[in-house]
Amino acid sequence: MNTDKGYVDAPVPDGLDLKAEIIRLKKEKGAVIMAHYYQKGEIQDIADYIGDSLALARIASTLDAHIIVLCGVHFMAETAKVLCPDKKVLCPDLNAGCSLADSCPAEDFARFIEQHPGHTVISYVNTSAAVKALTDIVVTSGNAMKVVDSLPADEKIIFGPDRNLGNYINSMTGRQMVLWDGACHVHERFSLERLLELKKEHPGAKVLVHPECRPQLRMLADEVGSTAALLKYAASSDAAEFIVATESGILHEMRKQCPGKTFIPLPGDDSTCACNDCSYMKLNTLEKLYNTLLYEQPEVHVAPELMEAAKRPIVRMLELS
Ligand code: 13P
Ligand code: SF4
């Protein structure tokens, strides 16, 4: 089957009940569908597991299924493949990259590490397998603080690639980790002006901010955390309204878990685009998911020479958190 475009380029029959067919194929093949909270709602609804990047990595490491379909972005599927080398890991569209991972090419990161001898290298999970292979410990937004806190206070640390998450950890722990200068194009664009306006319009609203956002937004937050942490905060809070500064896909699960509460997505600073959508995450569709299950393509591969080196820091993360 032709996957030159990065996904199975085959027509889906008109009138097909896609959801029913996906469920049928999944059962027939003994496959498991995992979806990140930033996926389209219809994909989250059909998944066996939904979660943040930490939960998806944890679950992948324990699965029995022979086929894993990872509906998220490429580095998430790659992480699952590294943790489950004997399984077939499929991703509905291999073009689902990540601007943050792209901001940290492995060769440049290797030079950066060379320039800072004696430093422990901590990398955010939003990186390629090649960057993970250069890393001592991988972290996600859900456990970064805990992992850094577990290291001796005088340990010298390089943190990459997200400067905003790194800056947040430095500010919370008093550390001076050396930061790689990378960022996510979605989280960098949330509008401070709109947040100030929305806070005035909704004085009782709690502000939920992902740590990939800029510090000036973070400072206005009632809760800073991973997608799972923001969800947990919203579900347990007494507040009725929330302003949400992270990718819009999370609103689907927030509204499902908290039907009586109102979630207001914070717009980006460019009103002409849907800046709180991650264009990579939204490349996955039900049609592509159907074709992926039907043809068992496209498959995610990791270069054999990277497998062990990339696995070590991910396993270390799972042990520490
Ligand atoms: P989480 O670690 O919260 O799942 O976030 C992943 C991500 O890509 C954020 O943009
Ligand atoms: Fe990467 Fe940003 Fe998309 Fe998350 S939201 S997958 S960090 S581009």
Side-chain angles (χ1 to χ4, degrees), residues 34-40 43-44 47 49-60 70-80 91-104 122-128 131-132 138-147 159-166 168-169 180-190 208-214 217-218 221 223-234 244-254 265-268 273-284 314 317-318 321:
M34 305 179 79
H36 189 268
Y37 288 129
Y38 294 166
Q39 290 293 287
K40 292 172 194 276
I43 291 185
Q44 293 187 48
Y49 300 99
I50 51 171
D52 65 356
S53 47
L54 176 59
L56 296 181
R58 273 210 187 108
I59 295 164
L70 200 311
C71 299
V73 291
H74 189 262
F75 76 81
M76 295 175 179
E78 220 178 35
T79 302
C91 183
D93 190 336
L94 296 179
N95 300 303
C98 168
S99 57
L100 180 51
D102 290 347
S103 74
C104 189
I122 299 187
S123 295
Y124 195 29
V125 69
N126 299 44
T127 45
S128 64
V131 167
K132 290 187 177 77
V138 165
V139 295
T140 73
S141 54
N143 64 12
M145 198 76 75
K146 190 171 175 193
V147 169
F159 185 90
D162 190 54
R163 60 171 175 256
N164 293 319
L165 176 60
Y168 174 57
I169 298 169
W180 178 265
D181 193 18
C184 155
H185 73 299
V186 180
H187 288 86
E188 278 265 295
R189 280 202 211 137
F190 285 115
L208 310 180
V209 174
H210 196 280
E212 287 174 22
C213 292
R214 293 170 294 153
L217 274 92
R218 213 174 61 218
E223 176 71 357
V224 177
S226 72
T227 43
L230 299 182
L231 196 51
K232 194 170 161 200
Y233 180 91
V244 184
T246 191
E247 210 271 354
S248 60
I250 188 70
L251 298 169
H252 181 71
E253 185 61 17
M254 284 177 167
L266 179 64
C273 72
C275 291
N276 46 13
D277 268 354
C278 172
S279 49
Y280 298 111
M281 285 279 182
K282 299 309 194 251
L283 284 175
N284 295 325
I314 303 174
M317 163 185 89
L318 294 174
S321 60

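Counting starts at 1 for both ligands and their atoms, in listed order.
- Distance alone, capped at 3.5 Å, places no donor-acceptor pair between the Arg58 side chain and the Ser53 backbone.
- Close N/O approach between Thr140 and ligand 1 is not found [any backbone or side-chain N/O within under 3.5 Å].
- Residue-ligand proximity: His187 is placed with a non-hydrogen atom under 4.0 Å from ligand 1.
- Asp93 meets the salt bridge (Lys or Arg N to Asp or Glu O under 4.0 Å) test with Lys288; sequence neighbours excluded.
- Contact annotation: Met281 has no heavy atom less than 4.0 Å from any atom of ligand 1.
- Separation of atoms CG (Leu165) and SG (Cys213) is listed at 11.0 Å; rounding is to 0.5 Å.
- Annotation: side chain of His185 is in contact with side chain of Tyr280 (closest heavy-atom distance under 4.5 Å).
- Under the 3.5 Å distance criterion, with hydrogens and angles disregarded, no donor-acceptor pair is assigned to the side chains of Glu212 and Tyr168.
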Show your reasoning for whether salt bridge (charged side-chain N to carboxylate O under 4.0 Å, His left out) applies to Glu223 and Arg218. CA-CA 8 Å; Glu223 176 71 357; Arg218 213 174 61 218; over 6 Å; no

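- When only interatomic distances are considered, the shortest N/O to N/O separation between Ser226 and ligand 1 does not fall below 3.5 Å.
- In this structure, the protein non-hydrogen atom closest to atom 10 (O) of ligand 1 is Glu212 OE1, 3.0 Å.
- Residue contacts with ligand 1, taken as heavy atom pairs separated by less than 4.0 Å, do not involve Val186 at all.
- For ligand 1, the atoms closer than 4.0 angstrom to any heavy atom of Ser53 are 1 (P), 2 (O), 4 (O), 6 (C).
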Intermediate values then yes/no, side-chain contact (heavy atoms from CB on, under 4.5 Å), Glu188 and Asn164: CA-CA 9 Å; Glu188 278 265 295; Asn164 293 319; 2.8 Å; yes

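- When atom types are taken as modelled, the side chain of Asn284 and the backbone of Gly72 share a donor-acceptor pair closer than 3.5 angstrom.
- Of the possible polar contacts, one joining the Trp180 side chain to the Ser103 backbone as a donor-acceptor pair under 3.5 Å is found.
- Each of Met76, Gln39, Met34 was checked for a side chain to side chain contact (heavy atoms under 4.5 Å, CB included) with Cys71, and the lone residue meeting it is Gln39.
- Regarding atom 8 (O) of ligand 1, its nearest protein heavy-atom neighbour is Asn126 ND2, 3.1 Å.
- At a heavy-atom cutoff of 4.0 Å, ligand 1 is contacted by no atom of Tyr37, backbone or side chain.
- The contact set between ligand 1 and Thr227, taken as ligand atoms under 4.0 Å from a residue heavy atom, comprises 1 (P), 3 (O), 4 (O).
- Close contacts of ligand 1 with Ser141, meaning ligand atoms under 4.0 Å from a residue heavy atom, involve 1 (P), 2 (O), 3 (O).
- Protein N/O/S atoms closer than 2.8 Å to atom 3 (Fe) of ligand 2: Cys278 SG.
- The side chain to side chain contact (heavy atoms under 4.5 Å, CB included) test with Val125 singles out one residue from Asp52, Val138, Leu56, Asn143, and that residue is Val138.
- At a heavy-atom cutoff of 4.0 Å, ligand 1 is contacted by no atom of Glu247, backbone or side chain.
- The protein heavy-atom contact nearest to atom 5 (O) of ligand 1 is His210 NE2, 3.4 Å.
- Each of the atoms 1 (P), 4 (O), 5 (O), 6 (C) of ligand 1 lies under 4.0 Å from some heavy atom of His36.
- Val139 has its side chain out of reach of Met145: every pair of non-hydrogen atoms, C-beta onward, lies at least 4.5 Å apart.
- Taking the six-membered ring for Trp and the full ring otherwise, the centers of Tyr49 and His36 sit at least 6.0 Å from each other.
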